[in-house]
Engineer: 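Sharing a structure below in C-alpha cells format, with a few things to ask.
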Number of protein chains: 2
Amino acid sequence: MQRFWTHGYHATSMDDLVKATGVSRGSIYADFEGKRDLFLCCLSRYQDEVVTPAFAQVEQADAGLETIEAYLLFQLSHLDDDRLPGPGCLVANTMTELGPHDRDIHDAVNAHNVRLQNGFYQVLKRANKSTSPLSPDQLGELAVFLTMSVQGLWSFSRSAESVEPLRQYARTLIDLVKSRLQ
Amino acid sequence: MQRFWTHGYHATSMDDLVKATGVSRGSIYADFEGKRDLFLCCLSRYQDEVVTPAFAQVEQADAGLETIEAYLLFQLSHLDDDRLPGPGCLVANTMTELGPHDRDIHDAVNAHNVRLQNGFYQVLKRANKSTSPLSPDQLGELAVFLTMSVQGLWSFSRSAESVEPLRQYARTLIDLVKSRLQ
DNA sequence: CCAATACAAGAACGATCATTCCAAAACTGT
DNA sequence: ACAGTTTTGGAATGATCGTTCTTGTATTGG
C-alpha cells in the first residue's frame with residue numbers, strides 16, 4: 001500500500017511490491033486476481049486504516065469547525081520539512097491518476113468524497129446556528145467546497161518544500177468558511 | 001501532449017505517442033533525448049499554448065477578482081457533462097504523479113505555481129482598497145490559498161460526473177475571498 | 001514411513017516497454 | 001543524371017512488465 005501511495009499505480013511494478021512487502025509473487029496472485037484487484041484492496045484498506053482513524057473525529061456528534069481544522073493539521077503533522085514532498089492522500093492521488101479511466105476505481109474515489117462531504121455537512125449544520133442561517137443547499141455547497149479544497153491541499157503536499165504554507169492553507173480555509181457562516 | 005495530459009506520464013507509452021502524433025519513433029528520438037525530455041517540452045509547451053492564453057487576462061493590469069472567476073469558468077466551459085471526467089490541468093496532474101520524484105519536473109511545476117500566485121497576488125493587491133486593508137503578508141497567503149484551491153478544482157474535474165459543482169466551487173471560492181477583503 | 005496435498009519461492013512466459021538501428025526514400029548539390 | 005547526405009518508417013534490441021507455472025519444502029493423514 002505504501003508503494004502505491006508514494007509512487008502511484010502505473011509507476012509501481014509487481015516486482016516493487018514483492019520487494020516492498022516481502023511477500024512472494026505467487027502468494028500475491030493467490031490472494032488477488034491481479035495488480036488492479038490488489039490496488040482496489042489497498043484503496044479499501046487505506047479507508048479503514050488511514051481515513052477512518054483520522055476522519056472519525058470529524059464524524060463525531062459534537063464536531064465543530066475547529067475539529068476539521070484539527071483533522072487537517074493532524075494529517076499535516078506527519079510531515080515536517082525533511083519529510084516533504086509528502087505522499088499526499090492515496091485517494092486524492094488516485095483521483096488524478098486513474099479516476100478518468102477506471103470505473104471501479106472512480107466509484108471508490110467517489111465514495112470517499114461523499115464520506116468527506118457528509119462529515120463536513122454535519123459539522124456545518126451544527127455550526128450554522130446564527131441569526132441568518134444558510135439554507136441546506138448552501139450548506140451542501142460549502143461541504144463540497146471543503147471536500148474539493150482539501151484535495152488541493154494533498155496535491156500540493158506532493159510537491160511542497162515546506163509544511164508551513166500547507167498549514168496556513170488549512171487555517172485560512174477554516175477561517176473563510178467560518179466567516180461565511182456568520 | 002494531449003495523451004500525456006489525459007493519461008499521465010507513466011501510463012503513456014512511446015507507441016501511444018507515435019500513434020497519437022503520427023510522427024515516427026525515429027523523429028521523436030531525433031528531436032528529444034527520450035521520453036522524459038519530451039515530457040518536459042510538453043510541460044513547457046502547455047505553458048505557452050494553454051496557460052498563457054487563458055491566464056493572461058488575470059495578469060492584465062486591470063484584472064479584478066471577477067477576472068479570476070471568469071478565468072476559472074472559461075476553463076470549465078470546455079467541459080460539459082458528456083465531456084467529463086475532464087483532463088484536468090497537465091501541470092496539476094503532473095504535480096501529483098511526478099512532483100515527488102523528479103527534480104526538474106518539480107521545478108517546472110513550481111514555476112507554474114509561482115506564476116499563478118503572482119497573478120493572483122496582483123489582483124488581490126488591487127482589490128485590497130478597503131477601509132481596513134490586509135497586509136502584504138496576508139495578501140500573499142490569500143494568493144497561495146487561491147493557487148492551492150484551484151489545484152483542488154482540476155483534480156476533481158478528473159473524476160467529476162457533472163460540471164455544475166465545479167462551477168459552483170469557483171464561484172464560492174471567489175465569494176469567500178471577496179468577503180475576506182471587505 | 002510414505003503418499004498426497006498445500007504452500008512458498010522464484011523462474012519462465014509472452015507482451016510491452018523505451019531506445020537504437022537500419023534500409024529505403026527524399027532531398028540537395030554538382 | 002548521379003552521388004552524397006539527410007530524413008523517415010518501422011524493425012530490432014535488451015530490459016521490464018504482469019501473470020502463470022514449476023519445483024522444492026512443509027504438513028497431514030493413513
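Numbered from 1 within each chain, the chains take letters A, B, ... in sequence-line order. On a predicted model such as this, the values are computed, not experimentally measured, just so you know. For the numbers below, each heavy atom of this structure counts, side chains included, while hydrogens, waters and symmetry mates do not.
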Engineer: Fit a plane to each ring of B:Phe39 and B:Tyr9, take the angle between them on a 0 to 90° scale, and name the class: parallel (under 30°), tilted (30 to 60°) or perpendicular (over 60°).
Structural biologist: perpendicular
Engineer: C:dC17 C1' sits how many Å from B:Ile28 CD1, rounded?
Structural biologist: 14 Å
Engineer: By the ring pair (Phe, Tyr, Trp, His ring centres under 6.0 Å) test, which pairs, at least two apart or in different chains, include something from residues 65-106 of chain B?
Structural biologist: A:His7-B:His101, B:Phe55-B:Tyr71, B:Phe74-B:His78
Engineer: Starting at atom NE2 of B:His10, determine the distance to atom C1' of D:dT16, rounded to an integer number of angstrom.
Structural biologist: 14 Å
Engineer: Report the distance from atom OH of A:Tyr9 to atom C1' of D:dC17, rounded to the nearest whole Å.
Structural biologist: 11 Å
Engineer: Identify, with sequence neighbours excluded, every residue that meets salt bridge (charged side-chain N to carboxylate O under 4.0 Å, His left out) alongside B:Glu164.
Structural biologist: B:Arg167, B:Arg171
Engineer: Roughly, in whole Å, what's the span from CG in A:Asp15 to C1' in D:dT20?
Structural biologist: 15 Å
Engineer: Rounded to whole angstroms, how far apart are CZ on A:Phe32 and C1' on D:dT20?
Structural biologist: 18 Å
Engineer: Let me have a per-nucleotide readout for nucleotides 5-12 of chain D, 5' to 3', with B, S or -, counting only protein heavy atoms under 4.0 Å.
Structural biologist: ---SBBB-
Engineer: Give me each pair satisfying salt bridge (charged side-chain N to carboxylate O under 4.0 Å, His left out) with a member in residues 138-161 of chain B, each pair once, sequence neighbours excluded.
Structural biologist: A:Arg103-B:Glu161
Engineer: Provide, to the nearest angstrom, the distance between the NZ atom belonging to B:Lys35 and the P atom belonging to C:dT19.
Structural biologist: 8 Å
Engineer: Separation of B:Arg3 atom CZ from C:dA18 atom P, in whole Å?
Structural biologist: 11 Å
Engineer: C:dA18 P sits how many Å from B:Asp16 CG, rounded?
Structural biologist: 8 Å
Engineer: Who passes side-chain contact (heavy atoms from CB on, under 4.5 Å) against B:Thr147, sequence neighbours left out?
Structural biologist: A:Phe156, B:Asn113, B:Leu116, B:Gln117, B:Phe120
Engineer: Taking OP1 and OP2 of D:dT19, is either one under 4.0 Å from a side-chain nitrogen or oxygen of A:Tyr29?
Structural biologist: yes
Engineer: Can you pull the side-chain hydrogen bond (donor to acceptor under 3.5 Å, both in side chains) pairs that have at least one residue in residues 42-61 of chain B, sequence neighbours excluded?
Structural biologist: B:Arg45-B:Glu49, B:Gln47-B:His112, B:Gln47-B:Arg115, B:Thr52-B:Arg115, B:Glu59-B:Arg115
